[in-house]
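The structure's right below; bear with me while I get my questions together.
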Number of protein chains: 2
Amino acid sequence: MDNADKLLIDTLFENGKTPLKELAAKVGLSAPSTSERLKRLEERGVIKGYTLNVASDQIGYPLRAIVRVSPMPGQLQRVTKLIQQTAEITECDKVTGEDCFVCKIHLKSIEQLDLILDSISQYAATNSSIIKSSPVKRRLPPL
Amino acid sequence: MDNADKLLIDTLFENGKTPLKELAAKVGLSAPSTSERLKRLEERGVIKGYTLNVASDQIGYPLRAIVRVSPMPGQLQRVTKLIQQTAEITECDKVTGEDCFVCKIHLKSIEQLDLILDSISQYAATNSSIIKSSPVKRRLPPL
DNA sequence: TCATTTCGCCTAATTATGTTCGGTATATTG
DNA sequence: CAATATACCGAACATAATTAGGCGAAATGA
């Protein structure tokens, strides 16, 4: 991971469709060499894939929430499965400490939150917070 | 947003580099029409951009944590700025409820967490959880 | 030390991919 | 019901990415 590799990752994180030519110019290499670099980054698993940023409010989800979930004794497996099967839960991390899971949920309405929490509450205690804004948008840590 | 548009978004979310030809085949349209669809999705702001999935452990960050941050009275502005300026904080949402912020942090080591928390703790109470696994990887809600 | 291999790079040619350009059918509107 | 707008198509064109062949510097090993 030299400077060129870092620049490639940084640039592609900003715009995953940056043309090879432009990438090559930025790192000061030829197109084929740059392509080789990328291939190696992919093979090494540094670059796991290319994806989209979608505006969730444009696809019918004006609300987002963060829900902390603490399964009741003996319900860990069930709750894990339930979380994975709830399509509106778009991200979930299992963490140390009091709460077991921290989930991000996309919602069509507040009512939908109630609905989803109800389905969980038989097996876990939950703590919900509506997202009001995002002071830090997804970004890379320093390379 | 008809079925074709949804398929395009779903497919590109999985692989942001899916060739137009393949997208066209999938939605049953010609390449130019598919390209038009994409352009409109971008113009309407549904597709906000293309980006990368990077393996954070491959770029020197084997640990991730979720930190909830509750600024002390009168320190909201300062804390907001501090969070934004802390490069290891790769995501932060401002939420309703007890805690004001929920942050995701990428870490080189546990010591680094201590360091970062120290810099915040003069202005806010914090509650940290180390991420042990991610039962739900980032995905789209139902389209 | 000097031959040998490996590696990363280059340019040029080739192939793949995406866009533009008429032009048509089907809705939409005055 | 004519006029316009929309979404689509195939063919031609333009752009972008990959492959092929070869060069030079650093690492490897006799």
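Worth saying up front: this structure is predicted, and the values here are computed from it rather than measured.
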Exercise. Which is the 5'-most and which the 3'-most nucleotide of DNA chain D that has an atom under 4.0 Å from a heavy atom of chain B?
Worked result: dA7(D) to dA11(D)
For this session: Can you measure from CG (L76(A)) to OG1 (T80(A)) and round to the nearest 0.5 angstrom?
Result: 4.0 Å
Exercise. Is any side-chain heavy atom of T11(A) closer than 4.5 Å to a side-chain heavy atom of N15(A)?
Worked result: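 SC-SC contact between T11(A) and N15(A) ruled out.
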Exercise. Does NZ in K81(A) sit with more than 12 non-hydrogen atoms of other residues, nucleotides or ligands closer than 6.0 Å?
Worked result: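 Atom NZ in K81(A) is not packed in, count stays at 12 or less.
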Seminar exercise, completed: Value for CG (L7(B)) from OG1 (T34(B)), rounded to nearest 0.5 Å, stands at 10.5 Å
Exercise. Is a salt bridge present between R40(A) and E36(A), judged by a nitrogen-to-oxygen distance below 4.0 Å?
Worked result: yes
Exercise. Taking everything shown except D2(A) itself, do over 12 heavy atoms lie less than 6.0 Å from its CG?
Worked result: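 Atom CG in D2(A) is crowded, with more than 12 foreign heavy atoms closer than 6.0 Å.
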Exercise. Around atom CG of D118(A), are there more than 12 heavy atoms of other residues, nucleotides or ligands at under 6.0 Å?
Worked result: yes
Seminar exercise, completed: Between NZ of K39(B) and C1' of dG18(C) the distance, given in whole Å, is 11 Å
Exercise. What do the steps show when you test V27(A) against D5(A) for side-chain contact (heavy atoms from CB on, under 4.5 Å), and what is the final call?
Worked result: CA-CA 8 Å; V27(A) 300; D5(A) 287 339; over 6 Å; no
Exercise. When you look at NZ of K132(A), are more than 12 heavy atoms from neighbouring residues, nucleotides or ligands closer to it than 6.0 Å?
Worked result: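 Yes, enclosed.
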Would you list the atom pairs, donor with acceptor, under 3.5 Å between side chains in residues 88-101 of chain A and any protein atom, with sequence neighbours excluded?
from	atom 1	to	atom 2	distance (Å)
E88(A)	OE2	Q112(A)	NE2	3.3
T90(A)	OG1	K104(A)	O	3.4
T90(A)	OG1	H106(A)	ND1	3.0
E91(A)	OE2	K104(B)	NZ	3.1
D93(A)	OD1	S134(B)	OG	2.7
D93(A)	OD2	K104(B)	NZ	2.9
T96(A)	OG1	I130(B)	N	3.0
D99(A)	OD1	S70(A)	OG	3.4
D99(A)	OD2	R68(A)	NE	2.7
D99(A)	OD2	R68(B)	NH1	3.4

Exercise. Counting only non-hydrogen atoms, which of residues 43-53 of chain B are less than 4.0 Å from DNA chain D?
Worked result: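 Residues of residues 43-53 of chain B that come under 4.0 Å of DNA chain D do not exist, since none gets that close.
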Problem set entry | Atom-pair distance (CD on E36(B); P on dG18(C)), nearest Å | 15 Å
Problem set entry | Worked check of side-chain contact (heavy atoms from CB on, under 4.5 Å) between I9(B) and M1(B) | CA-CA 10 Å; I9(B) 290 175; M1(B) 276 278 287; 4.0 Å; yes
Exercise. Can you tell if the side chain of S128(B) reaches within under 4.5 Å of the side chain of I66(B), non-hydrogen atoms only?
Worked result: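 No - every pair of side-chain heavy atoms lies 4.5 Å or more apart.
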For this session: Kindly compute the distance separating CD1 (I47(B)) from CG (L41(B)), expressed to the nearest 0.5 Å.
Result: 4.5 Å
Exercise. Would you say R40(A) reaches dC7(C)'s phosphate, i.e. side-chain N/O to OP1/OP2 under 4.0 Å?
Worked result: no
For this session: Give me the bend of the helix from dT1(C)-dA30(D) to dG30(C)-dC1(D), using the axes of the five pairs at each end, rounded to 10°.
Result: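 The end axes of the helix from dT1(C)-dA30(D) to dG30(C)-dC1(D) are about 30° apart, to the nearest 10°.
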Exercise. How close or far is atom C1' of dT17(C) from atom CG of L38(B), stated in whole angstroms?
Worked result: 14 Å
For this session: Using a 4.0 Å cut-off on protein heavy atoms (strictly under), produce a 5'-to-3' string for nucleotides 10-16 of chain C with B for base contact, S for backbone-only sugar-phosphate contact, and - for none.
Result: BBB----
Exercise. Does NZ belonging to K21(B) count more than 12 external heavy atoms closer than 6.0 Å?
Worked result: no
Seminar exercise, completed: Between the CG atom in L63(A) and the CD1 atom in I131(A), the distance rounded to the nearest 0.5 Å is 10.0 Å
Exercise. Which of residues 7-22 of chain A sit near DNA chain D, with a heavy atom under 4.0 Å from it?
Worked result: P19(A), L20(A), K21(A)
